[in-house]
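Okay, so here's the structure we're looking at.
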Amino acid sequence: MNSGRSILLAGLLLAFSALLGTGLLSLTHGHAAPYIAENERLRLLASLNAVIPPDQYDNDLLTDTLELSDPQLLGMEGPVTIYRARRGGEARAVAFRVRALGGYSGPIELLVGVAVDGRLSGVRVISHKETPGLGDAIEAGRSDWISGFKGRSRTNPQDAGWKVKRDGGVFDQFTGATITPRAVVKGVHRALQFYDLHRDQIFLTTAIAKETAE
């Protein structure tokens, strides 16, 4: 009898502890969720500002968006979010992700900013698994190589020039590491092709949205 009562008491204590733990975890998550969301928002905005200068827009980049799919040029099966920058209501630039295929250790995720006239306003590497000390020179914090894309466009250079110098193009490769910059150059080139192909769609959608809102 005493043994049965002890087991029952232990079970109740265990259940109470589990409920208390679950309750505290839910309370903590609920309290932290807004801060986590705000941190994520600020981190995304900082990334976008790295490829679109903040003085180029006065709208909310994080809400003025649309989604487009183009697996062949963007390297991703699903839709990609297009962030649109406008100033005084006029389109200034867009930013979107593109996956550069053919990296030494897998795909390289890029964030590309393109001004409305088709010139690159900035390119940043979001993530990669390239060899430390060689391929990681594509990161803005380790090298200024990635900044060399700024101002380039689909016609600067012409399509044939969108290669590293070793392949007959105009872009530098790294000593002992050609594969990584080669993949990035191809990825950026495909991003520009995507922009040229969808430019009207991107800004026409913006005009329709404004007209509907008014």
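Excluded from the calculations below are hydrogen atoms, water molecules and symmetry mates; all remaining heavy atoms, backbone and side chain alike, are included. Here the structure is a predicted model, which is why all the values come from computation and not from measurement.
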Heavy-atom check, side chain of Phe194 versus side chain of Val98, under 4.5 Å: no
Check: Val116 main-chain N/O paired with Tyr195 side-chain donor or acceptor under 3.5 Å: yes
Arg166 atom CZ: more than 12 heavy-atom contacts under 6.0 Å: no
Interatomic distance, Leu12 atom CG to Ile7 atom CD1 [nearest 0.5 angstrom]: 12.0 Å
Atom pair NZ/CG of Lys150 and Asp144 - distance to nearest 0.5 Å: 13.0 Å
Donor-acceptor contact below 3.5 Å, side chain Asn59 vs main chain Arg84: yes
Contacts of Glu67 that satisfy salt bridge (Lys or Arg N to Asp or Glu O under 4.0 Å) - sequence neighbours left out: none
Leu68 vs Thr81 side-chain heavy atoms within contact, under 4.5 Å: no
With sequence neighbours excluded, residues passing side chain to side chain contact (heavy atoms under 4.5 Å, CB included) with Leu197: Asp70, Leu73
Modelled atom types, side-chain donor and acceptor of Thr180 and Glu130, under 3.5 Å: yes
Side-chain heavy atoms of Phe149 within contact of Val185, under 4.5 Å: yes
Heavy-atom side-chain contact between Ile126 and Leu110 under 4.5 Å: no
Close side-chain approach of Tyr83 to Phe96, heavy-atom, < 4.5 Å: no
Separation of Thr131 OG1 from Asp136 CG (nearest 0.5 Å): 8.5 Å
Test salt bridge (Lys or Arg N to Asp or Glu O under 4.0 Å) applied to Arg154 - qualifying residues, sequence neighbours left out: Asp159, Asp196
Polar side chain donor-acceptor pair, Asn49 to Tyr57, under 3.5 angstrom: yes
Between CG on residue Leu192 and CZ on residue Arg199, distance to nearest 0.5 Å: 13.0 Å
All pairs passing salt bridge (charged side-chain N to carboxylate O under 4.0 Å, His left out) where residues 179-192 contributes a residue, at least two apart: Asp167-Arg182
Which atom of Ser47 lies closest to which atom of Leu111, heavy atoms considered: O-CD2, 3.4 Å
Separation between CD1 of Ile138 and OG of Ser143, rounded to the nearest 0.5 Å: 10.0 Å
Residues Lys163, Gln173; criterion side chain to side chain contact (heavy atoms under 4.5 Å, CB included); working and verdict: CA-CA 9 Å; Lys163 301 174 183 174; Gln173 59 271 338; over 6 Å; no
Aromatic centroids of Phe171 and Trp145 separated by under 6.0 Å: no
Neighbour count >12 (heavy atoms, 6.0 Å) for atom CZ, Arg119: no
Hydrophobic cluster partners of Leu101 (side-chain heavy atoms under 4.5 Å): none
Salt bridge (charged side-chain N to carboxylate O under 4.0 Å, His left out) between Arg86 and Asp58, intermediate numbers included: CA-CA 6 Å; Arg86 293 182 288 117; Asp58 57 11; over 6 Å; no
From Arg43 atom CZ to Glu38 atom CD, the distance as rounded to the nearest 0.5 Å: 11.0 Å
Test item: Lys165 and Thr178 side chains (from C-beta on) under 4.5 Å apart, heavy atoms: no
Hydrophobic cluster of Leu13, others only, ordered by chain and residue number, side-chain cut-off 4.5 Å: Leu9
Side-chain heavy-atom pair Arg124, Ile146 within 4.5 angstrom cut-off: yes
4.5 Å side-chain heavy-atom contact, Pro157 and Arg152: yes
Whether over 12 other heavy atoms sit under 6.0 Å from Tyr104 OH: no
Neighbour count above 12 (heavy atom, 6.0 Å) for Gln72 CD: no
